Number of protein chains: 2
Amino acid sequence: MEDQFIKTASLIGDPTRASILWTLMDGRAFTATELAVSVNTSPQNISMHLGKLLDANLLCVEKQGRHKYYRFSNKEVAYALEAMASLVPKPEILSKNKPEKYPPIKFCRTCYDHLAGKIGVALTDSLLEQNIIKENNNAFEISIEGKKWFSDFGINLEEAQKQKRIFLKPCLDWSERRNHIAGSVGTLLFNKMKNEDWLRKTENSRAIIVTAKGEKELLKYFKIVV
Amino acid sequence: MEDQFIKTASLIGDPTRASILWTLMDGRAFTATELAVSVNTSPQNISMHLGKLLDANLLCVEKQGRHKYYRFSNKEVAYALEAMASLVPKPEILSKNKPEKYPPIKFCRTCYDHLAGKIGVALTDSLLEQNIIKENNNAFEISIEGKKWFSDFGINLEEAQKQKRIFLKPCLDWSERRNHIAGSVGTLLFNKMKNEDWLRKTENSRAIIVTAKGEKELLKYFKIVV
DNA sequence: TTCATAGTTAAGTACAGAATGAACTATTGC
DNA sequence: GCAATAGTTCATTCTGTACTTAACTATGAA
């Protein structure tokens with residue numbers, strides 16, 4: 001087991017591969033060329049690295065025409081990378097000239113396609129407190145009041161329920177070590193907030209920006225102080 | 001953030017350092033020389049690597065006379081490494097000639113000084129089911145029946161309660177993604193089982209072996225089928 | 001058919017950074 | 001005091017493996 005662990009660690013530990021994995025951390029699938037651009041290296045080199053990541057079963061591929069889409073082969077990969085990201089030394093320790101707060105990714109970020117980080121957990125807490133959702137042996141369900149709330153909020157639950165993907169489930173947050181909402185409900189909430197310009201995605205990062213409008217609305221709807 | 005992540009990943013990814021971290025994963029503190037032996041390299045080299053791990057705040061040191069004891073600086077490190085270990089390709093995939101089961105570390109292992117893995121979680125479930133312990137917003141407490149049970153089982157809770165360390169708390173298991181018992185109660189349970197020869201520690205690994213006796217007793221006391 | 005784009009494979013090179021060797025400080029024990 | 005052990009520092013060497021150059025296959029569009 002030890003040498004297997006070491007192999008996996010070195011696999012992830014190469015700068016170029018770590019950068020590939022970082023890029024893939026927002027849950028989307030990328031083509032080899034896109035990754036080459038994102039990571040700033042040659043196609044041959046990317047091909048070599050992707051091959052190694054595939055061999056170790058960290059990534060999987062889907063062929064579409066002449067494109068190949070790479071993504072994580074399972075969620076454990078994303079979890080492990082998040083856990084590693086949480087080890088990044090905090091800016092305070094790193095350099096005393098830049099007394100920054102927590103890195104933004106820890107504060108507010110996406111986990112695949114739903115909100116994670118502090119905001120994700122606070123949102124979930126608020127929904128639980130307002131009895132919009134209920135927890136029941138490690139599963140979430142929407143209450144009767146909750147159904148009304150979602151439709152008032154402008155989210156069509158019936159539509160979501162028809163989808164094949166999981167409707168609603170708890171997802172463990174790495175930095176907060178607390179549950180937050182995943183599944184299509186999680187995605188719908190996130191998309192709604194994005195469309196209403198409460199939140200904005202940043203380029204090439206999983207960090208999310210809370211707009212001035214978002215700050216107000218999050219306080220109003222969820223009593224979240226940003 | 002990305003380059004910070006990459007730095008951390010490369011830090012962990014070096015074979016020698018990965019081996020150091022692996023050794024430290026059972027939660028004990030090791031001296032530099034012990035680590036040099038365990039990792040099979042020179043004292044100078046270990047010193048260099050330990051220095052880097054200290055700089056990144058993954059490890060911390062305690063000086064005791066002319067010895068220096070190294071250990072993880074926080075539990076996030078252990079969590080991240082466990083999460084990485086869970087990415088190790090399963091033997092079935094790795095080689096078709098050795099159709100082994102899960103690596104033993106995932107099955108039964110220690111997390112710092114208490115039981116983790118499948119057994120750790122099953123044990124906790126059983127204690128909850130038997131109303132020996134109760135869960136209350138992410139905290140465990142011992143019931144009145146539970147107090148009797150522990151004393152029957154041969155564990156002196158009063159003694160443990162006097163200690164400075166945390167008495168009882170849930171600890172999240174990486175492979176199972178479920179809570180299990182930590183704190184001094186967790187340690188006492190583990191030590192008791194070790195002393196009664198239900199379980200045995202393996203050399204240089206965090207894996208735990210369940211003895212034939214252990215198999216019987218775990219079934220009897222906790223209805224755990226090994 | 002031909003050109004362009006997407007991606008792979010193979011051989012050779014380059015270099016970051018790990019390991020080594022030698023000389024050092026610090027603490028313990030006799 | 002001195003010897004032995006624990007650990008560090010720095011200059012030098014060495015080596016694994018990432019990256020490059022070049023030639024290749026596969027798919028799609030004109």
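Bear in mind the structure is a predicted one, so any value in this text is a computation, not a measurement. Atom set for the values below is all heavy atoms of this structure, side chains included, hydrogens, waters and symmetry mates excluded.
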Exercise: identify the closest heavy-atom pair between B/A85 and B/W22: CB-CZ3, 4.3 Å

Heavy-atom pair with the smallest gap, counting every atom of A/F72 and A/L21: CZ-O, 3.5 Å

Side-chain donor-acceptor pair present, A/T23, A/S38, cut-off under 3.5 Å: yes

Check: [X] side chain, [Y] main-chain N or O, donor-acceptor pair, under 3.5 Å:
{"X": "B/S10", "Y": "B/I6", "result": "yes"}
{"X": "B/S86", "Y": "B/A83", "result": "yes"}
{"X": "A/T124", "Y": "A/I181", "result": "yes"}
{"X": "A/N74", "Y": "A/V77", "result": "yes"}

Test log, rule side-chain contact (heavy atoms from CB on, under 4.5 Å), inputs A/I12 and B/L87: CA-CA 10 Å; A/I12 300 172; B/L87 299 183; 4.0 Å; yes

Close side-chain approach of B/K52 and B/L11, heavy atoms under 4.5 Å: yes

Nearest whole Å is fine: how far is [N] [atom2] from [X] [atom1]?
{"X": "B/L11", "N": "C/dA16", "atom1": "CG", "atom2": "P", "value": "18 Å"}
{"X": "B/L53", "N": "D/dG7", "atom1": "CG", "atom2": "P", "value": "16 Å"}
{"X": "A/N40", "N": "D/dC19", "atom1": "CG", "atom2": "P", "value": "11 Å"}
{"X": "B/L50", "N": "C/dA18", "atom1": "CG", "atom2": "P", "value": "13 Å"}
{"X": "B/L54", "N": "D/dT9", "atom1": "CG", "atom2": "C1'", "value": "15 Å"}
{"X": "B/L35", "N": "D/dA6", "atom1": "CG", "atom2": "P", "value": "13 Å"}

Ion pair B/K192/B/E196, N-O distance below 4.0 Å: yes

B/N195 atom CG, over 12 foreign heavy atoms within 6.0 Å: yes

Is there any protein nitrogen or oxygen under 3.5 Å from a nitrogen or oxygen in nucleotides 19-24 of chain C, and what are the pairs?
unit_1	atom_1	unit_2	atom_2	d
C/dA19	OP1	B/T16	OG1	2.7
C/dA19	OP2	B/T16	OG1	3.3
C/dA19	OP2	B/N45	OD1	3.1
C/dA19	OP2	B/N45	ND2	2.5
C/dA19	OP2	B/H49	NE2	2.5
C/dA19	O5'	B/N45	ND2	3.1
C/dG21	N7	B/Q44	NE2	2.7

DNA chain C contacts made by residues 60-69 of chain A, counting heavy atoms under 4.0 Å: A/R66, A/H67, A/K68

Which nucleotide in C/dT8, D/dA18, D/dG7 has an atom nearest any side-chain atom of A/K52: D/dA18

Rounded (10°) bend between the five-pair end axes of the helix from C/dT1-D/dA30 to C/dC30-D/dG1: 20°

